[in-house]
Amino acid sequence: MPRHIVCLTFDFDTQSGFIARGMTTPTPLSRGEFGLTGARRILDLLQANGIRSTWFIPGFTIESHPAACAAVVEKGHEVAHHSWAHVPPANQSRAEEEADLMRANTAIERLTGKKARGYRSPSWDLSDSTIGLLIAHGFLYDSSLMGADYWPYRARRGDRAELGKPFVRGEETALIEMPISWSLDDYPHFEFVRTPTTVLPGLQSARVMMENWLDEFRYMKRHVDWGILTYTMHPFVIGRGYRMLALEDLVEKLAAESAVFMTMEDAAREARERMGI
Ligand SMILES: [Zn+2]
């Protein structure tokens, strides 16, 4: 029996990403605060469709907006790890990365009663230490890499990439990688961001983007018997009214195409069983 799984995932950053980039004036902070409104809308949409999803919540958001995070838990969604301060591990020393990882896990344990089973790095940039730290701290899966589209794989550590030398694959681990893609992330499609060095234009048509996202599912359905497709969204981004309508439409069309909606933890467990790990 073919089985096509969809993981709807929400990175509940609120203000953390702006603060991590030094954008602490009132307007960028308010932009992150809008995520609280977006989260309420998303929770209502998921409940109306009987869908469980995964929320990657920084410790910052848990400690700054406890009621909004409690609502995610009450509605039966998975809470996963997304750092404490939303600083990409690639910008941290190993000790800094581990301290942040443990601090966020303590916040998650207070919120949900258990430590996170899954991890997604801020801005999708792991350090050389990350995979080892996730294994040491008992994680089941990571969701930060882009080496596949429809099938999870074993995360590796110790890959070696040097200019002028062939690539050397590192050791495969038991950590399940649940791959992602910027093409399936709402942020670059929608957000207008201006910094001193770059402009992200964003502001694309929500309907067109959702059409692309649906085609990604249709392609998976046509070409593999079993697969997992992960969509990544941010409440402060997808929570605008016209984008919510487009998301509602996507969810209905995916359901009509027999998508099986699962939390990432459940999907990772199913993947692990299939891999015989
Ligand atoms: Zn994030």
Side-chain angles (χ1 to χ4, degrees), residues 7-24 28-39 41-43 53-66 68-69 72-73 77-92 96-97 99-105 107-108 111-112 116-127 130 133-134 139 141-146 177-193 195 198 200 202 209 230-240 243 247 263-265:
C7 292
L8 298 180
T9 66
F10 300 92
D11 295 359
F12 197 10
D13 297 342
T14 61
Q15 298 99 331
S16 63
F18 296 99
I19 296 170
R21 291 186 184 93
M23 299 165 78
T24 53
L29 291 178
S30 69
R31 195 169 168 180
E33 188 179 326
F34 179 69
L36 301 174
T37 301
R41 292 176 179 168
I42 293 162
L43 289 175
S53 64
T54 298
W55 292 59
F56 291 90
I57 312 185
F60 166 89
T61 298
I62 295 173
E63 292 185 22
S64 307
H65 310 291
C69 297
V72 172
V73 178
H77 301 285
E78 177 193 1
V79 173
H81 199 296
H82 195 41
S83 83
W84 197 97
H86 212 277
V87 174
N91 299 348
Q92 292 172 312
E96 285 168 345
E97 183 178 352
D100 182 276
L101 189 107
M102 290 170 71
R103 186 181 178 196
N105 233 346
I108 288 173
L111 175 68
T112 68
R117 305 295 294 139
Y119 173 81
R120 173 174 285 164
S121 77
S123 311
W124 283 335
D125 205 358
L126 302 183
S127 75
T130 308
L133 285 172
L134 295 179
F139 282 78
Y141 71 89
D142 170 63
S143 181
S144 313
L145 298 175
M146 309 184 183
E177 180 57 42
M178 304 291 280
I180 44 75
S181 165
W182 284 115
S183 64
L184 299 175
D185 181 327
D186 61 354
Y187 190 86
H189 297 283
F190 290 149
E191 283 304 286
F192 174 78
V193 184
T195 71
T198 51
L200 248 181
M209 193 199 77
T230 297
Y231 298 107
T232 298
M233 291 164 274
H234 300 74
F236 78 92
V237 178
I238 201 74
R240 307 294 315 187
R243 296 173 187 160
L247 174 61
T263 65
M264 199 162 250
E265 177 178 0

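We count ligands from 1, going down the list as the structure has it; atoms in each ligand are counted the same way. Throughout, numbering of the chain's residues begins at 1 and tracks the sequence. Every heavy atom of this structure was used, including side-chain atoms; hydrogens, water molecules and symmetry mates were not.
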Opening angle between NE2 in H86 and OD1 in D13, taken at the Zn ion (ligand 1), to 10 degrees = 90°
Any ion pair linking R243 and E191 (charged N to carboxylate O, less than 4.0 Å)?
-> yes
Kindly confirm whether the Zn ion (ligand 1) is within less than 2.8 Å of some N/O/S atom in H82?
-> yes
Check step by step if side chain to side chain contact (heavy atoms under 4.5 Å, CB included) holds for H234 and T232.
-> CA-CA 7 Å; H234 300 74; T232 298; 4.2 Å; yes
Give a yes or no on whether D11 keeps an N, O or S atom under 2.8 Å from the Zn ion (ligand 1).
-> no
Between Y231 and F10, ring centroids under 6.0 Å = no
Lys/Arg N to Asp/Glu carboxylate O, R120 vs D11, below 4.0 Å | yes
